[in-house]
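Below: one structure, written as structure tokens.
Note that ligands are numbered from 1 as they come in the structure, with each ligand's atoms numbered from 1 the same way.
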Amino acid sequence: MRLPFIQPRMRDYSILPLARSHSAALSVLHREDFARPWTGNEFSDLLAQNTVFGFAAFETGKGRAGPVGFVLARLAVGEAEILTVAVSRAHRRQGLGRQLMDAVLRRLHAQRAEALFLEVDETNAPAIALYRRLGFREVGKRPAYYQGEDNRKSNALVMRRDLR
Ligand SMILES: CC(C)(COP(=O)(O)OP(=O)(O)OC[C@H]1O[C@@H](n2cnc3c(N)ncnc32)[C@H](O)[C@@H]1OP(=O)(O)O)[C@@H](O)C(=O)NCCC(=O)NCCS
């Protein structure tokens with residue numbers, strides 16, 4: 001007997017603006033990937049600043065479960081920067097990183113910003129691939145900018161996306 005082919009169901013997500021009430025959950029997500037994770041209070045202080053904004057991804061149908069990805073950005077005097085972006089491991093490669101970054105780009109276009117900058121570890125191939133797909137280009141390098149858990153240093157690439 002042939003078994004029916006069952007198509008894996010794509011998960012559904014909503015992208016919503018970040019609020020200070022998300023701070024503790026953001027700190028938990030941040031801890032998954034960063035050697036020096038930011039605390040809930042640090043996120044809360046950032047989100048209290050009127051130049052800082054961001055978006056979070058929530059899996060639909062999961063009630064009050066916390067975000068599975070987020071991006072935080074700052075806009076000041078026409079120039080913006082990505083402060084951090086992360087997607088929980090179980091939810092990667094489903095377009096969330098891209099949707100979160102697109103939400104930032106739409107907001108910056110609406111606010112007539114000129115350019116968006118970010119720094120990324122030059123060994124972080126997934127993030128660099130995402131940024132290149134979104135139109136970022138390398139404009140500089142900061143030597144030995146990051147220090148890994150094994151004390152090895154790596155360079156930061158500075159990337160820029162024109163918005164006009
Ligand atoms: C970088 C990160 C946010 C990407 O999130 P994601 O939701 O998996 O990304 P997406 O599914 O939207 O991927 C969009 C595109 O980015 C590129 N990409 C993402 N992950 C990749 C990987 N592991 N390898 C190669 N390309 C990758 C691909 O071009 C992908 O498009 P495709 O799936 O159609 O090929 C995620 O890997 C992450 O949270 N990493 C840890 C935290 C981090 O490094 N943040 C950046 C600090 S500067």
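Side-chain atoms of T60 come within 3.5 Å of backbone atoms of D12 as a donor-acceptor pair (strictly under, hydrogens ignored). Under a 3.5 Å cut-off, the side chain of N155 and the backbone N or O of A144 do form a donor-acceptor pair. Looking at R161, its side chain does come within 3.5 Å of a backbone N or O of L134 through a donor-acceptor pair. At distances below 3.5 Å, at least one donor-acceptor pair connects side-chain atoms of S27 with backbone N or O atoms of W38. Between the side chain of E42 and the main chain of T39, a donor-acceptor pair closer than 3.5 Å is present.
Summary of contacts: the protein heavy atom closest to atom 39 (O) of ligand 1 is V87 N, 2.8 Å. The protein non-hydrogen atom at the shortest distance from atom 14 (C) of ligand 1 is L130 CD1, 3.6 Å. Annotation: atom 44 (O) of ligand 1 to nearest protein heavy atom, N124 ND2, 2.7 Å. The nearest protein atom to atom 26 (N) of ligand 1, hydrogens excluded, is given as A129 CB, 3.5 Å; this is a heavy-atom distance. Atom 46 (C) of ligand 1 has Y131 OH, 3.4 Å as its closest protein atom, hydrogens excluded (heavy atom only). The nearest heavy-atom contact from the protein to atom 32 (P) of ligand 1 is R133 NH1, 3.3 Å. Closest to atom 45 (N) of ligand 1 among all protein heavy atoms lies V85 O, 2.8 Å. Nearest non-hydrogen protein atom to atom 11 (O) of ligand 1 is G95 N, 2.8 Å.
Between F43 and H30, the ring planes are perpendicular. Angles over 60° get that label, and only those under 30° would be called parallel.
Residue-to-ligand polar distances keep D33 apart from ligand 1: every N/O pair is separated by 3.5 Å or more. Between R98 and ligand 1, at least one pair of N/O atoms sits closer than 3.5 Å. Taking any N or O of A127, backbone or side chain, none lies under 3.5 Å from an N or O belonging to ligand 1. Residue V120 has no N or O atom closer than 3.5 Å to an N or O atom of ligand 1.
In this structure, atom 2 (C) of ligand 1 has no protein heavy-atom contact shorter than 4.0 Å.
Evaluated by nearest non-hydrogen atom to atom 18 (N) of ligand 1, the leading choice among A125, P126, A86 is P126. Across Q94, R92, M101, R93, heavy-atom proximity to atom 21 (C) of ligand 1 is greatest for R93.
The closest approach between E119 and ligand 1 falls below 4.0 Å for a heavy atom of the residue.
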Go through H22 and F58 one step at a time and tell me if the ring-ring contact (aromatic ring centres under 6.0 Å, His included) criterion holds. CA-CA 11 Å; H22 297 131; F58 294 86; 5.5 Å; yes
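By the neighbour-count criterion of 12 heavy atoms within 6.0 Å, atom CZ of R89 is densely surrounded, having more than that number from other residues, nucleotides or ligands.
Under a cutoff of 6.0 Å and an axis angle of 45°, R160 and F136 do not form a cation-pi pair.
Hydrophobic clustering keeps L83 apart from V120 (ILVMFWY residues linked when any side-chain heavy atoms are closer than 4.5 Å, directly or through intermediates).
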